Enquirer: 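I have a structure I would like to understand better, so I am pasting it below and will then ask my questions one at a time.
These numbers come from a predicted model, not from an experiment. All values below come from the heavy atoms of this structure, side chains included, with hydrogens, waters and symmetry mates left out.
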Amino acid sequence: MANKAKSGNKTTKHTIEPTISDTTLSEESPAKSKALVEKTISDYNYFTEDDLNKILQNLDVLRGHVLPKPITAENAEPVEPNFPSVCLIGLGRCGSNIALDVATLVHNARVFYLNDFHDVEEKHKEKNRKALNWIQRSLKIQPDEDLQPVFLIEPLVMLGDLDKDIRGRIQFSAKNGGINFLNEYSKLKIMDLSEVHAGGAGNAPILGQYLAKVILNKETDKFSNEDWKFIHSYLIDSCGIKANQSRLYFYIFSAGGGTGSGMASEFGLAQQYSYMSKTFDIRTEQEMQAHNQSFVFEPIFTSGICILPNITHRTAEMSEALHINAGRLLCKYLSEEWNFSYSMDNDDSNSESIKKRIRPWNAMMLISNDIMRYAEETDEASINDNYSGQFIDVNAMEKHANQYISQQIFNILTAQAVTTDYDENYFRRAGIDIGETIRLDANDLFMSLAGPIAVAYAESVVKVRDASDSRLGILDRNKEELDIDDLFFRSIDLPHFNKDTTAIEGISLLPVESKRYRAALKKYKESGYDASHLRDLHFFKNCSSVVSIVSLPKDYKLSYMDLNKLKHHLNSLFPNTTLKRFALVIGASANLSLTTLVAKSPCLSDDFLTLIVSYIKRCFAKESYGFDDTLDKAIVEFIKAPEFDEAKLESMLEEFENPAKILDTNWFAIKPMYEKKYRELIHDESKFTSINDIRLSISSVKQAIYYLRKIYRHRIGKTNVISLYNNVSMSDEQPVEKKGKPKKS
């Protein structure tokens, strides 16, 4: 953990909300950004198993470990079970705990539905009650009810940490799921990486990243832990091919730590590098027939689920190192996303060039741990009228963040059902093209979501009509049961508890500082949901795409008028989206829930910019710019200005980041220690990577600023009618003469 900085270099929260005018809409010059696509790392050097036979054998072994053998008749052909369509990868202490929580929720839901838990007293002894209460109430689970199971996916869960005793910690954490949870949940695998490093990353992401690079560059056969090669074949070597049916991968980690923040993006890059490599690996027809495996494979969708640290609090100062660590991750991701998404026309389209421009995930979901204190405040206030909100348990905030994330992942897991209860006329009456409706599969997410993502979530209890009662129509049945306006408002509100469902609702990342946002929300509600009070915030105004997921109970039909209202709210609040997608999921839960995924514009929020600036100031700024707000104002100006003054930025920053500014120790003494470990574990000198090579450079900062500039200028153009008649009416073509006046032309 880094020591506290000098008083002159103390990180403070800045309300960074750039304003835009029509004069700042000029496009970036491709020539200027061409130099930014050059990578400082010549080769990734990730180890990938090329032998298809080995990959298939490793997958078979892992399948045997995590999936039960299907019961077949004596003379029937054995059928190999498929891997789950979803995989959760929890990295670091925070990420592994959350992934374990999700696995516990899904497992407990299935167990309740199978009537395996009958002891009420044991349920009252469980510690993590709120998350379990949510899943029970959401699915209407009662111990004495005999319910048909809903469509639940049990994900494959991979947990990894640079900690020798990760298994012991996981076993202790798993007590909330039941004494035998680890034995019962076979789809959970622990990545024991202690033979590479067993002492953590020292709260320094660059060390976590370097150790992850050692792990991913070393040949899997040379690990003493035999399980690693099976996990590696599943996670890296086989993603997208026929033998591996998993298509959705969620990397869960804390941005403020060292292990999760450093390892997560490196693991994501290794997976993307392997996936992109396979797109250019054209196998012969003979090879394809020999293995009965297709490398013309399905798209995969990967998302980082990133927990951002607390920035400010009324009673406590957070460690500055957490802000710097998170800022490094965000800066690195924006740089990689710029190279991948916006620099395609500035470089060659050959395979080697494309493989050097990968980014770790298709999208990065942002959830602020800071705002979870509002949920704690509302919960405590409901219990104690004299509660002042001054003393909030940090552990409670972490539990709230874990529950909020678990809810979102759980909804995504259940959102795999095909929508068949609605016809084209229904959508037409709601004003929605049936082509805009989706189910949440990997291909749709791949095409709809990219870059930083924020989540808006709310749910309501609704009454489902008895199937035998045919007298009630859709409109009569729903008139007094659902307030779609209130549901939408609660989804974008500050986080709070829903007393009816015990869910945590609200937005995962505040668009602006909380007092300002609360005031804007108040005006929005009092005006009858007039979007003009909110849509000028960049979070809403510059959003490029939204995906809204409405999850409905079985036998409940949402009124097309309510769906039309929802579309109106989205259109009004997000005026510049180029893509709006709707998913209707039926029968996944007993409550009606609304999840809205907001793409790209979250990078313009106050918290996001504050974290990036804190990192740049601490690790890049030249001495004279590291202790005042000169650099803060300059970066805001770089984003807003019609032209990006790169020379001015270069005059303020060093060429490479200085990791010693985080570690508060002798960087030159630490560097050879870790490089010695690399050489001892990987003997191939051609694969050696110096820790200096993974430092972020000033080019990374430039690319991140170019990305922010791109999103800041996002606009949509109105479609004009094009006519061969040049929009000239017939009356204009045949002027009429009037007496005493010349003929009009």
Enquirer: Working to the nearest 0.5 Å, report the span between CG of L449 and CG of L579.
Expert: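 Rounded to the nearest 0.5 Å, the CG-CG separation comes to 8.5 Å.
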
Enquirer: Is there a donor-acceptor pair under 3.5 Å between the side chain of S572 and the backbone N or O of H568?
Expert: yes

Enquirer: Under 4.5 Å between any side-chain heavy atoms of E654 and K622, yes or no?
Expert: yes

Enquirer: Could you tell me which non-hydrogen atom of L604 sits nearest to which non-hydrogen atom of L708, and how far apart they are?
Expert: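 Taking L604 first and L708 second, the nearest heavy atoms are CD2-O, 3.9 Å.
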
Enquirer: Work out which heavy atom in F540 is nearest to a heavy atom in L534; give both atom names and the distance.
Expert: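 Distance-wise, the nearest heavy atoms are CD1-O, 3.3 Å.
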
Enquirer: Which donor-acceptor pairs under 3.5 Å do the side chains of residues 327-334 make with protein atoms, sequence neighbours left out?
Expert:
residue	atom	partner	partner atom	Å
R328	NE	E657	OE1	3.2
R328	NE	E657	OE2	3.2
R328	NH1	Q209	OE1	3.1
R328	NH2	Q209	OE1	3.2
R328	NH2	E657	OE2	3.0
R328	NH2	I694	O	3.3
K332	NZ	S265	OG	3.3
K332	NZ	E336	OE2	2.8
Y333	OH	E337	OE1	3.4

Enquirer: Let's go through K710 and K600 carefully: what are the C-alpha distance in whole Å and the side-chain angles of both, what is the deciding distance for side-chain contact (heavy atoms from CB on, under 4.5 Å) to 0.1 Å, and is it a yes or a no?
Expert: CA-CA 10 Å; K710 185 75 174 180; K600 296 185 180 178; over 6 Å; no

Enquirer: Any side-chain heavy atom of L207 within less than 4.5 Å of one from T259?
Expert: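 Answer no - side chains too far apart.
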
Enquirer: Can you confirm if the aromatic rings of W361 and Y275 lie within a centre distance of less than 6.0 Å?
Expert: no

Enquirer: Mind checking whether Q271 and Y249 have side chains closer than 4.5 Å, heavy atoms only?
Expert: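 A side-chain contact exists here, since the closest heavy-atom pair is under 4.5 Å.
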
Enquirer: Would you kindly check if the NZ (Lys) or CZ (Arg) of R357 is within the cone defined by 45 degrees around the ring axis of F340 and under 6.0 Å from the six-membered ring centre?
Expert: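 Here R357 fails the 6.0 Å and 45° test against F340.
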
Enquirer: I need the S254 OG to I305 CD1 distance, nearest 0.5 Å.
Expert: 13.0 Å

Enquirer: Keeping H714 on the side-chain end and N576 on the backbone end, is there a donor-acceptor pair under 3.5 Å?
Expert: yes

Enquirer: Please identify which of these residues, D493, I507, D606, meets the side-chain contact (heavy atoms from CB on, under 4.5 Å) condition with Y517.
Expert: I507

Enquirer: Measure across P360 and L269 and return the closest heavy-atom pair with its distance rounded to 0.1 Å.
Expert: N-CD2, 3.6 Å

Enquirer: Would you please test L510 and V512 for side-chain contact (heavy atoms from CB on, under 4.5 Å) and show each step?
Expert: CA-CA 5 Å; L510 294 189; V512 288; over 6 Å; no

Enquirer: Please tell me whether Y712 and H538 form a close aromatic pair, meaning their ring centres lie under 6.0 Å apart.
Expert: yes

Enquirer: Would you call the rings of F644 and Y706 parallel, tilted or perpendicular, taking 30° and 60° as the class edges?
Expert: perpendicular

Enquirer: Within the 3.5 Å criterion, strictly below it, is a donor on N325 or S261 matched to an acceptor on the partner's side chain?
Expert: no

Enquirer: Between K580 and N571, does any side-chain donor sit less than 3.5 Å from a side-chain acceptor?
Expert: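 Short answer, yes.
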
Enquirer: Would you compute the distance between atom NZ of K541 and atom CG of L573 and round it to the nearest 0.5 angstrom?
Expert: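 So the gap between those two atoms works out to 12.5 Å.
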
Enquirer: Whether the side chain of T578 engages the backbone of S544 through a donor-acceptor N/O pair (distance < 3.5 Å, no angle test) should be reported.
Expert: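 Indeed, once roles are kept as given, a pair shorter than 3.5 Å links the two residues.
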
Enquirer: Indicate yes or no: at least one non-hydrogen side-chain atom of Y529 is less than 4.5 angstrom from one of H569.
Expert: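 Y529 vs H569: side chains touch.
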
Enquirer: Supply the atom-to-atom distance I215 CD1 to E266 CD, rounded to the nearest 0.5 angstrom.
Expert: 10.0 Å

Enquirer: Apply side-chain contact (heavy atoms from CB on, under 4.5 Å) to the pair F47 and N217, showing each step before the final yes or no.
Expert: CA-CA 5 Å; F47 171 77; N217 289 4; 5.7 Å; no

Enquirer: Could you tell me whether a side-chain N or O of S277 sits under 3.5 Å from a main-chain N or O of Y273, the two making a donor and an acceptor?
Expert: yes

Enquirer: Does a side-chain heavy-atom distance below 4.5 Å link S545 with S448?
Expert: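 Sidechains of S448 and S545: no contact.
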
Enquirer: Test F250 against T302 for side-chain contact (heavy atoms from CB on, under 4.5 Å), laying out the working first.
Expert: CA-CA 6 Å; F250 296 95; T302 66; over 6 Å; no

Enquirer: Ignoring hydrogens, what is the shortest heavy-atom contact between L509 and F539? Give both atom names and the distance.
Expert: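 Here L509 and F539 meet closest at O-CE1, 3.8 Å.
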
Enquirer: With distance as the sole criterion, is a donor-acceptor pair present between the side chains of S614 and E320 under 3.5 Å?
Expert: no

Enquirer: Please confirm whether the backbone N or O of D632 pairs with a side-chain atom of D629, one donor and one acceptor, at under 3.5 Å?
Expert: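 No; judged by distance alone, with no hydrogens or angles, the pair does not exist.
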
Enquirer: Hey, does N45 have a side-chain heavy atom less than 4.5 Å from the side chain of T689?
Expert: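 Result yes, sub-4.5 Å side-chain heavy-atom pair found.
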
Enquirer: Ion pair present between K633 and E637, side-chain N to carboxylate O less than 4.0 angstrom?
Expert: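 Here K633 does not pair with E637 in a salt bridge, since their nearest N and O are not under 4.0 Å apart.
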
Enquirer: How many angstroms lie between atom CD1 of I89 and atom CG of L91, to the nearest 0.5 angstrom?
Expert: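 So the gap between those two atoms works out to 7.5 Å.
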
Enquirer: Would you please name every residue forming a ring pair (Phe, Tyr, Trp, His ring centres under 6.0 Å) with Y210, sequence neighbours left out?
Expert: Y678

Enquirer: Please tell me whether F620 and Y615 form a close aromatic pair, meaning their ring centres lie under 6.0 Å apart.
Expert: yes

Enquirer: To the nearest 0.5 Å, what is the distance between SG (C543) and CZ (R535)?
Expert: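 The SG atom of C543 sits 14.5 Å away from the CZ atom of R535.
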
Enquirer: Backbone N or O of A454 within a donor-acceptor pair of the S508 side chain at under 3.5 Å?
Expert: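 Here the side-chain-to-backbone pair does not exist.
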
Enquirer: Side chains of D628 and T630: donor-acceptor distance under 3.5 Å anywhere?
Expert: yes

Enquirer: Could you pull out the closest heavy-atom pair between R359 and Q272, with the gap in Å?
Expert: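 Closest approach of R359 to Q272, heavy atoms only: O-CG, 3.2 Å.
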
Enquirer: Might you point out which heavy atoms bring I691 and E675 nearest each other, and give the distance in Å?
Expert: N-OE2, 3.1 Å

Enquirer: Is any side-chain heavy atom of F582 closer than 4.5 Å to one of I549?
Expert: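 No - every pair of side-chain heavy atoms lies 4.5 Å or more apart.
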
Enquirer: Do L494 and R518 come close enough that some side-chain heavy atom pair is under 4.5 Å?
Expert: yes

Enquirer: Under a 3.5 Å distance rule, please check whether R709 uses its side chain to pair with a backbone N or O of F638 as donor and acceptor.
Expert: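 Such a contact is found between R709 side chain and F638 backbone.
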
